[in-house]
Amino acid sequence: YRLGKLSAERITRLEALGFVWDPLEAGWEEMFQALTAYKAREQHCNVPKHWSKNPALGRWCSNQRQAYWQGKMSTERITRLEALGFVWGLYETGWEEMFQSLTAYKAREQHCNVPIHWPENPALGSWCSMQRKAYKAGKLSAEHIKRLDALGFVWDTQEAGWEEMFQALTAYKAREQHCNVPHRWPENPALGSWCSNQRQAYWQRKMSAERITRLEALGFVWDQLEAGWEEMFKALTAFKVRELHCNVPQRWPEKPALGRWCSTQRKAYKKGILSPEHVTRLDALGFVWDPLETEWQEIFQKLTAYKSREHHCNVPRDWSENPELGNWCTVQCRAYRKGKLSTERIKQLETLGFEWPRAKRSIRTL
């Protein structure tokens with residue numbers, strides 16, 4: 001037939017029988033039809049090289065590209081394949097194969113954030129990273145961007161992670177009425193660490209104005225010490241409402257830290273290192289800066305009342321109406337003798353007519 005030596009009659013009979021004169025051409029045509037069916041279903045011609053449903057089709061596509069780049073493909077075949085949307089570049093084939101892997105990952109994990117060293121397919125994480133780099137550099141095609149966007153691909157994983165934690169903080173605020181997440185909060189340990197990182201970025205001037213605005217609108221406190229102070233002040237306010245005073249016991253069992261905090265405020269006040277704002281707020285709450293002095297003045301007022309009634313200050317040590325007052329007077333006399341009673345207190349007591357023991361007292365201390 002190729003040499004032109006076969007009669008027309010025989011040619012006609014063989015062709016009527018479906019005889020193939022060029023098996024290679026027939027095979028090509030068969031694979032082309034398979035590719036046409038693939039395109040109709042997948043909307044592209046980038047058959048993975050090891051496509052499980054028809055491994056031969058992937059190899060055939062690879063062979064077509066090789067023949068094309070070697071200049072061994074007929075114009076007719078080139079025209080037919082290009083009309084079908086066939087892509088000659090090997091890069092595009094690899095891209096499509098990885099995109100299909102990402103699609104399968106998304107279907108299983110419900111997101112596209114593939115770990116960079118994902119053990120099931122290490123190349124997929126690297127490929128996702130390459131897509132992000134190409135996108136930032138403006139080198140990713142509009143078609144690829146569109147397809148990845150449709151899949152829910154995240155171009156900036158850091159931004160996506162920040163947004164996810166911000167939403168978690170928003171939920172925490174709605175429940176707790178504040179944003180002071182404990183550093184090792186058991187329900188979500190990462191949230192406390194994230195809040196700490198936000199504060200660090202803020203003080204290092206590495207945070208965008210947009211993020212600052214959003215966090216501040218949520219009531220986020222940049223100064224963690226201030227946040228802790230505010231938390232304890234609220235606890236003291238609740239104590240005052242219930243107990244009608246601010247003298248929290250040093251080891252109050254309900255909240256031991258509150259007693260220690262009150263002590264710390266007094267020490268800071270005496271050293272002059274407590275902010276005016278904190279002093280004002282504590283004063284407004286009725287906070288006592290020197291509880292011992294306050295207690296002394298309270299008992300002194302009881303002694304004043306006793307003097308008004310009895311016309312003297314010699315309270316019996318075991319006075320039944322108020323045994324504490326007699327003991328207190330004894331303690332004042334003892335402190336006076338040892339020179340440990342301040343001049344101010346001595347003056348107050350003497351003005352009231354308080355009588356000291358006749359024994360000679362030592363030098364008084366302030």
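Bear in mind the structure is a predicted one, so any value in this text is a computation, not a measurement. Only this structure's heavy atoms are used, side chains among them; waters, hydrogens and symmetry mates stay out.
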Student: List the residues meeting side-chain hydrogen bond (donor to acceptor under 3.5 Å, both in side chains) with Glu231, not counting sequence neighbours, and say none if there are none.
Tutor: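 Checked Glu231 against side-chain hydrogen bond (donor to acceptor under 3.5 Å, both in side chains); zero matches.
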Student: Considering non-hydrogen atoms only, spot the tightest contact between Leu285 and Cys246 and give its length.
Tutor: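 Minimum heavy-atom separation between Leu285 and Cys246: O-SG, 3.5 Å.
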Student: For Trp356, does its backbone N or O pair with a side-chain atom of Arg337 as donor and acceptor, under 3.5 Å?
Tutor: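 No; zero donor-acceptor contacts below 3.5 Å.
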Student: Hydrophobic cluster membership, with links at side-chain heavy-atom distances under 4.5 Å among I/L/V/M/F/W/Y: are Trp127 and Trp118 in one?
Tutor: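 As far as the 4.5 Å side-chain criterion goes, Trp118 and Trp127 are connected within one cluster.
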Student: Does any non-hydrogen side-chain atom of Phe99 lie less than 4.5 Å from one of Leu148?
Tutor: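 The answer is yes, as the side chains (C-beta and beyond) meet within the 4.5 Å cut-off.
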Student: Do Val221 and Tyr202 sit in the same hydrophobic cluster, where Ile, Leu, Val, Met, Phe, Trp and Tyr count as joined when their side-chain heavy atoms come under 4.5 Å apart?
Tutor: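 No, separate clusters.
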Student: Ignoring hydrogens and angles, write down the donor-acceptor pairs under 3.5 Å from the side chains of residues 76-86, residues two or more places apart or on other chains.
Tutor:
unit_1: Arg77; atom_1: NH2; unit_2: Glu25; atom_2: OE1; d: 2.5
unit_1: Thr79; atom_1: OG1; unit_2: Thr75; atom_2: O; d: 2.8
unit_1: Arg80; atom_1: NH1; unit_2: Glu29; atom_2: OE1; d: 2.9
unit_1: Arg80; atom_1: NH2; unit_2: Glu29; atom_2: OE2; d: 2.6
unit_1: Glu82; atom_1: OE2; unit_2: Trp88; atom_2: NE1; d: 2.9

Student: State, with a plain yes or no, whether a side-chain heavy atom of Thr280 is found less than 4.5 Å away from one of Glu277.
Tutor: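 They are not in contact (no side-chain heavy atoms under 4.5 Å apart), so the answer is no.
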Student: Has Ser308 got a side-chain atom pairing as donor or acceptor with Thr304's backbone, closer than 3.5 angstrom?
Tutor: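 At least one qualifying donor-acceptor pair exists.
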Student: For Arg175, enumerate each residue passing the side-chain hydrogen bond (donor to acceptor under 3.5 Å, both in side chains) test, keeping only those at least two apart in sequence or located in another chain.
Tutor: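 So Arg175 forms a side-chain hydrogen bond (donor to acceptor under 3.5 Å, both in side chains) with Glu187.
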Student: Can a side-chain donor-acceptor contact be found between Asp223 and Trp203 if the only test is distance below 3.5 angstrom?
Tutor: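 No, because no side-chain N or O of Trp203 sits under 3.5 Å from a partner of the opposite role on Asp223.
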Student: Please check if Val288 and Leu282 belong to a single hydrophobic cluster, counting links between Ile, Leu, Val, Met, Phe, Trp and Tyr side chain heavy atoms closer than 4.5 Å.
Tutor: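 No, Val288 and Leu282 fall in different hydrophobic clusters.
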Student: When you compare the side chain of Tyr135 with that of His144, does any pair of heavy atoms fall below 4.5 Å?
Tutor: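 They are not in contact (no side-chain heavy atoms under 4.5 Å apart), so the answer is no.
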Student: Are Met130 and Met98 packed together at the side-chain level, in the sense that at least one heavy-atom pair is separated by less than 4.5 angstrom?
Tutor: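 No, every pair of side-chain atoms sits at 4.5 Å or beyond.
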Student: Does either side chain, that of Gln198 or that of Trp162, offer a donor lying less than 3.5 Å from an acceptor on the other one?
Tutor: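 Present: a donor and an acceptor within the cut-off.
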Student: Checking Arg345 now: which residues fulfil side-chain hydrogen bond (donor to acceptor under 3.5 Å, both in side chains) with it, not counting sequence neighbours?
Tutor: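 In terms of side-chain hydrogen bond (donor to acceptor under 3.5 Å, both in side chains), with neighbours along the sequence ignored, Arg345 is linked to Glu293.
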Student: For Cys329, does its backbone N or O pair with a side-chain atom of Arg317 as donor and acceptor, under 3.5 Å?
Tutor: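 Looks like no, no N/O pair under 3.5 Å.
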Student: Could you report the tightest heavy-atom contact between Trp95 and Gln131, atom names first, then the distance?
Tutor: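 Trp95 and Gln131 have their closest heavy atoms at NE1-OE1, 2.7 Å.
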Student: Taking C-beta and beyond as the side chain, do Asn322 and Tyr306 meet within less than 4.5 Å on heavy atoms?
Tutor: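 No. Closest side-chain heavy atoms not under 4.5 Å.
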Student: Evaluate whether atom CD of Glu321 has more than 12 neighbouring non-hydrogen atoms of other residues, nucleotides or ligands under 6.0 angstrom away.
Tutor: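 Yes, because the 6.0 Å sphere around CD of Glu321 holds more than 12 heavy atoms from other groups.
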Student: From Tyr336 OH over to Ser342 OG, what is the distance, rounded to the nearest 0.5 angstrom?
Tutor: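 That separation rounds to 12.5 Å.
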Student: Could you grab the distance from atom CH2 of Trp328 to atom SG of Cys333, nearest 0.5 Å is fine?
Tutor: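 If I round to the nearest 0.5 Å, the distance is 9.5 Å.
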Student: Where do Leu341 and Gln332 come nearest, in terms of heavy atoms and distance?
Tutor: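 Leu341 and Gln332 have their closest heavy atoms at CD1-OE1, 3.4 Å.
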Student: Does CD in Glu164 sit with more than 12 non-hydrogen atoms of other residues, nucleotides or ligands closer than 6.0 Å?
Tutor: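 No.
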Student: Check whether any side-chain heavy atom of Lys255 sits under 4.5 Å from a side-chain heavy atom of Met232, and report yes or no.
Tutor: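 Contact flag for Lys255/Met232 side chains = yes.
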Student: Hey, does the side chain of Ser62 reach the backbone of Gly58 with a donor-acceptor pair shorter than 3.5 angstrom?
Tutor: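 Here the side-chain-to-backbone pair does not exist.
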Student: In the single-linkage hydrophobic clustering (I, L, V, M, F, W, Y; side-chain heavy atoms under 4.5 Å), do Ile346 and Val331 co-cluster?
Tutor: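 No, no single cluster joins them.
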Student: Rounded to the nearest 0.5 Å, how far does CG of Leu169 lie from CH2 of Trp194?
Tutor: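 The CH2 atom of Trp194 sits 5.5 Å away from the CG atom of Leu169.
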Student: Give me the atom names and distance for the closest heavy-atom approach of Cys112 to Lys106.
Tutor: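 It is SG-CD, 3.8 Å.
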Student: Where do Asn180 and Arg199 come nearest, in terms of heavy atoms and distance?
Tutor: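 In this case the closest contact between Asn180 and Arg199 is OD1-NH2, 4.0 Å.
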Student: Please work out which of the three classes, parallel, tilted or perpendicular, describes the rings of Phe300 and Trp296, given edges at 30° and 60°.
Tutor: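 Trp296 vs Phe300 ring planes: parallel.
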Student: Under the rule for side-chain hydrogen bond (donor to acceptor under 3.5 Å, both in side chains), what residues qualify as partners of Gln348, not counting sequence neighbours?
Tutor: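 By the side-chain hydrogen bond (donor to acceptor under 3.5 Å, both in side chains) rule, Gln348 matches Gln297.
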Student: So which atom in Leu236 and which in Leu258 form the shortest heavy-atom distance, rounded to 0.1 Å?
Tutor: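 Leu236 and Leu258 have their closest heavy atoms at N-CD1, 3.9 Å.
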Student: Would you give the length of the straight line joining atom CD1 of Ile273 to atom NE2 of His278, rounded to the nearest 0.5 angstrom?
Tutor: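 If we round to the nearest 0.5 Å, Ile273:CD1 and His278:NE2 are 12.5 Å apart.
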Student: Excluding sequence neighbours, so at least two apart, what forms ring-ring contact (aromatic ring centres under 6.0 Å, His included) with Tyr172?
Tutor: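 Counting only residues at least two positions away or on another chain, Tyr172 forms a ring-ring contact (aromatic ring centres under 6.0 Å, His included) with His178, Trp185.
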Student: If you define the side chain from C-beta out and look only at heavy atoms, does anything of Val279 sit under 4.5 Å from Trp289?
Tutor: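 Yes - at least one pair of side-chain heavy atoms lies under 4.5 Å apart.
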Student: Between CD of Glu9 and CD1 of Ile11, what distance do you get to the nearest 0.5 Å?
Tutor: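 Between Glu9 CD and Ile11 CD1, I get 10.5 Å after rounding to 0.5 Å.
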Student: Would you mind reporting whether Asp290 and Arg266 have side-chain heavy atoms less than 4.5 Å apart?
Tutor: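 No; the side chains remain at least 4.5 Å from each other.
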Student: In terms of hydrophobic clusters joined by side-chain contacts under 4.5 Å, are Val114 and Ile145 together?
Tutor: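 Hydrophobic grouping puts Val114 with Ile145.
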